Amino acid sequence: MTDRLAELNPSQREAVTTLSGPLLVLAGAGSGKTRVITYRMAELIRSGIQPSRILSVTFTNKAAREMQERAGKLLGKSRSERPLVATFHSLCVRILREEIAALGYPANFTIYDRGDQESMARTALRDIRVPEKSMKPGDLLSLISKWKGAGVSPEQARDAVDGDLEALAAAGYRRYQQGMKAAGAVDFDDLLYLTDRLFTTSPELLARHQQRFDTVQIDEYQDTNGLQFRLIESLVRPHHNICVVGDDDQAIYGWRGAEVRHILAFPQHFPGTKIIRLVDNYRSTSQILALANQLVTNNRNRHAKQLLAHKDGPLSVKIKEHPDEGTEALDVVREITWLTKQKGVPPGDIAILFRTNDQPRAFETELRRAQVPYVLLGSQSFFDRREIRDLLAYLRVCSRPEDEIPLLRIINVPPRGIGATTIEKLVGRAQKTSQRLWNAMPPALQTGELGQAAGNAISGFRTLIEKYRRQFAENPRALSTTLEKLIDEIGYHAEIEKQYEQATQHELRKTMLGELVTAVRQYESRTTHPTLHGFLQETSLGGREDEPDKDDKLQAEGVKLMTLHSAKGLEFPRVYLVGMEEGLLPHKRSTSERSGDVDEERRLCYVGVTRAREFLTISRAQTRMKWGKPRVCQPSRFLFEMQGLPVPPQVLMGDDRR
DNA sequence: CTGATTGACGTTTTT
DNA sequence: CGTCAATCAG
């Protein structure tokens, strides 16, 4: 134990050994934060606290898994003797599984993803007769999210509206929430919002959960939103043994409701807070760090700090300009090819970071051409692909046919003769008799109102679903083989061949189906009591993290391509930060719109720069294709700011000609 | 009901 | 340049 602490610098050591009371660790980029958190868990246990009574909250599932693993190695204990490491969302799912019945939801609730939420929002708007053009489903969703984030119920929203549009949205919110409850579904915000509701309405229930943990630590605290703060505050209220770690300069999730003020005002929320600053950076060269330090001084509203470098690399920074994005990609890849093929640099040491998900296209093309191995992380997720979503919808219908969103998705996929009119009749009937769509089918068949052909199609569909519903339920150990049979029976392979012309597409899409089967099989083998519902809940929570080949990807010896957002928390010996242009970084939307926040874009840039250990190349293109036409791009203002140069006025003009 | 064609339209990040 | 919804002819 003692030699472990000897590896640390004095501030780190203090953070690791302060075991009780409120503790705020302001940890700059590359200051050994992860090590501090893990060591502190070990110290807590050494001081006599039961591992199971320690709660550690991280931001992503990936981070949770990693910390779980590190802690395991450090403590050398079995899984059951390790602290609970969870994300806010998975923590809430654990709580809701036990408690959600109190709110009138089924214990086997489904978690809706973004697409499902949009469908639900669309029906809610239709129900209250709001035309699409005055409010889009997305608009409604963002208002709902804002309300939920502040703990506001539909009723409270109705009473506090400001203006006609908000009044409509409040009605939509009410309808949406009713629809969700009827479907037995919750959205991502609900996981936190409903848990908060439980805690505020039932003191006994809260007390029970408070007693489960003696101490709580939270990573990436700068990214907590209002609900997350309330939740944690409730949990630690009896003892205030809370340690939060974060960096206000890396707050990049404001658009999702995160509020930096939580980390700024932590000492006010928890009186007697001890504050520890970690400013020694062991990651990057002084040249790289100088850019980062200089850049972020342009931000208001932050804990002032300068990171101290411990390495030198006179040639570690390059800034380049290219005529267009194709040339930019070509140049970056040419250099990477030289590095990997001539200098023996492992491709896995290199990362290409960008702002938006359509930027990697050009780089992928060039990397493929140069035959450099690469992995694209995060972007088009496995679970977002059409065929995967279709099949997941089948599984969801088999799991709970009452859930209408997936039912409507696949009722006529592949085409089986159930058209718009038939569906409309069924939906109308379900509404009139206030039944679920699924249950409205048999009575509609009896009246014969559907006509011969459509009637047969509907009863055929019901028979199909019921057959597989039974098979999934009866053979939970054979979920994957049942799925294979289902894919066969609905003729999905043939459907793919009809849908896409090229043979390469057929192969690709069919492999995807195979991967889904693999994912189910993996779930089967690692779970003691597999169920269809269990698999579905796991995939919706883990989302992109649970992609079948994800682990291989992270380990893979390939150049890593990812967005700045998904690069947070990672580091690479060599980083290419591309597309440094006004309009991309900072993104157009942050500079032109009223709610725009350029400071957050600056922090995003800061995150990008501080990912690099030894070498950083920043590049930009003078023109970029947009909708088929080349457009002139100004250099990013951040390029000037980070070098301590004045920003030329034309850069900020937002030249919009095409 | 299905499959094909046309036209409008769009700029971000994701637990 | 793509995508997706609306429209139209079998």
Side-chain angles (χ1 to χ4, degrees), chain A residues 57-64 86-93 111-115 117 122 132-133 136 138 141-142 145 149 186-192 220 223-225 227-228 251-258 353-359 361 377-381 383-384 386 411-424 450-451 453-454 457 495 498-499 501 540-546 562-568 579 581 583-593 595-597 600-601 603-605 607-608 624-631 633 654 656 658:
Chain A
V57 181
T58 59
F59 207 68
T60 63
N61 288 300
K62 197 181 92 211
T87 62
F88 278 104
H89 294 272
S90 66
L91 176 69
C92 288
V93 168
I111 301 165
Y112 270 12
D113 67 12
R114 177 73 198 190
Q117 290 174 42
R122 192 167 291 123
E132 279 261 326
K133 49 188 176 306
K136 284 194 228 116
L141 284 178
S142 60
S145 177
V186 304
D187 60 28
F188 272 101
D189 292 321
D190 278 334
L191 292 173
L192 305 172
E220 306 284 12
D223 288 325
T224 47
N225 67 27
L227 273 176
Q228 291 166 335
I252 56 174
Y253 284 101
W255 52 273
R256 205 165 73 183
L353 307 182
F354 39 83
R355 177 67 175 84
T356 69
N357 275 316
D358 57 292
Q359 281 172 268
R361 261 183 234 274
L377 284 135
S379 70
Q380 204 203 2
S381 153
F383 291 101
D384 286 342
R386 160 113 76 106
I411 194 165
N412 199 31
V413 174
R416 54 169 68 88
I418 304 175
T421 15
T422 312
I423 292 173
E424 225 164 273
L450 299 178
E495 174 63 13
K498 243 191 286 172
Q499 212 121 102
E501 294 202 349
S540 56
L541 235 202
R544 53 211 327 125
E545 303 291 342
D546 271 353
M562 68 185 94
T563 63
L564 289 165
H565 281 89
S566 39
K568 193 169 75 151
E581 296 134 39
L584 257 182
L585 187 66
H587 195 273
K588 186 110 207 276
R589 243 164 126 137
S590 71
T591 56
S592 62
E593 280 191 14
S595 58
D597 182 0
E600 182 155 306
E601 296 285 311
R603 292 191 289 263
L604 206 46
C605 184
V607 167
R624 200 167 273 277
M625 286 298 235
K626 197 85 206 198
W627 302 333
K629 292 208 162 73
R631 267 190 51 181
C633 301
D656 245 348
R658 55 192 164 111

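Below, chains carry the letters A, B, ... as their sequence lines are ordered, and counting in each starts from 1. Computation of the quantities below employed the complete heavy-atom set of this structure, encompassing side-chain atoms and omitting hydrogens, waters and symmetry-equivalent molecules. What you see is a predicted model; the values in this text were computed from it and never measured.
- Side-chain nitrogen and oxygen atoms of Thr563(A) include at least one within less than 4.0 Å of the OP1 or OP2 phosphate oxygen of dT14(B).
- The phosphate of dT11(B) has neither OP1 nor OP2 within less than 4.0 Å of any side-chain N or O from Thr356(A).
- Residue Asn225(A) places no side-chain N or O under 4.0 Å from the OP1 or OP2 atom of dT15(B).
- Geometrically, Lys568(A) engages Phe59(A) in a cation-pi contact defined by less than 6.0 Å to the ring centre and at most 45° from the axis.
- Counting distance only, with no hydrogens placed and no angle test, the side-chain atoms of Arg589(A) and the base atoms of dT11(B) include no donor-acceptor pair under 3.5 Å.
- His89(A) places no side-chain N or O within donor-acceptor distance of the main-chain N or O of Leu191(A), the cut-off being under 3.5 Å.
- Around atom CZ of Arg361(A), no more than 12 heavy atoms belonging to other residues, nucleotides or ligands sit under 6.0 Å away.
- Between Ala420(A) and Phe188(A), the residue whose closest nucleotide on DNA chain B is further toward the 5' end is Ala420(A).
- Remark: C1' of dT13(B) and CG of Leu584(A) are 12 Å apart, rounded to the nearest angstrom.
- Note on Phe88(A): nothing from the nucleic acid sits closer than 4.0 angstrom, heavy atoms only.
- OP1 and OP2 of dT12(B) both lie 4.0 Å or more from every side-chain N or O belonging to Ser590(A).
- Between His565(A) and Arg355(A) there is a side-chain heavy-atom pair separated by less than 4.5 Å.
- One can place CG of Leu141(A) at 18 Å from P of dT14(B), the figure rounded to the nearest angstrom.
- In terms of polar N and O atoms assigned as donor or acceptor, the side chain of His565(A) never comes within less than 3.5 Å of the base of dT14(B) in a complementary pairing.
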Review item, nucleotides 2-10 of chain B N/O atoms under 3.5 Å of protein N/O:
residue, atom, partner, partner atom, Å
dT2(B), OP1, Gly417(A), N, 2.8
dT2(B), OP2, Asn412(A), ND2, 3.0
dG10(B), N1, Trp627(A), NE1, 3.2
dG10(B), N2, Trp627(A), NE1, 3.4
dG10(B), N3, Trp627(A), NE1, 3.2

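- In this model, no side-chain donor or acceptor of Arg114(A) finds a partner on the base of dT15(B) within 3.5 Å.
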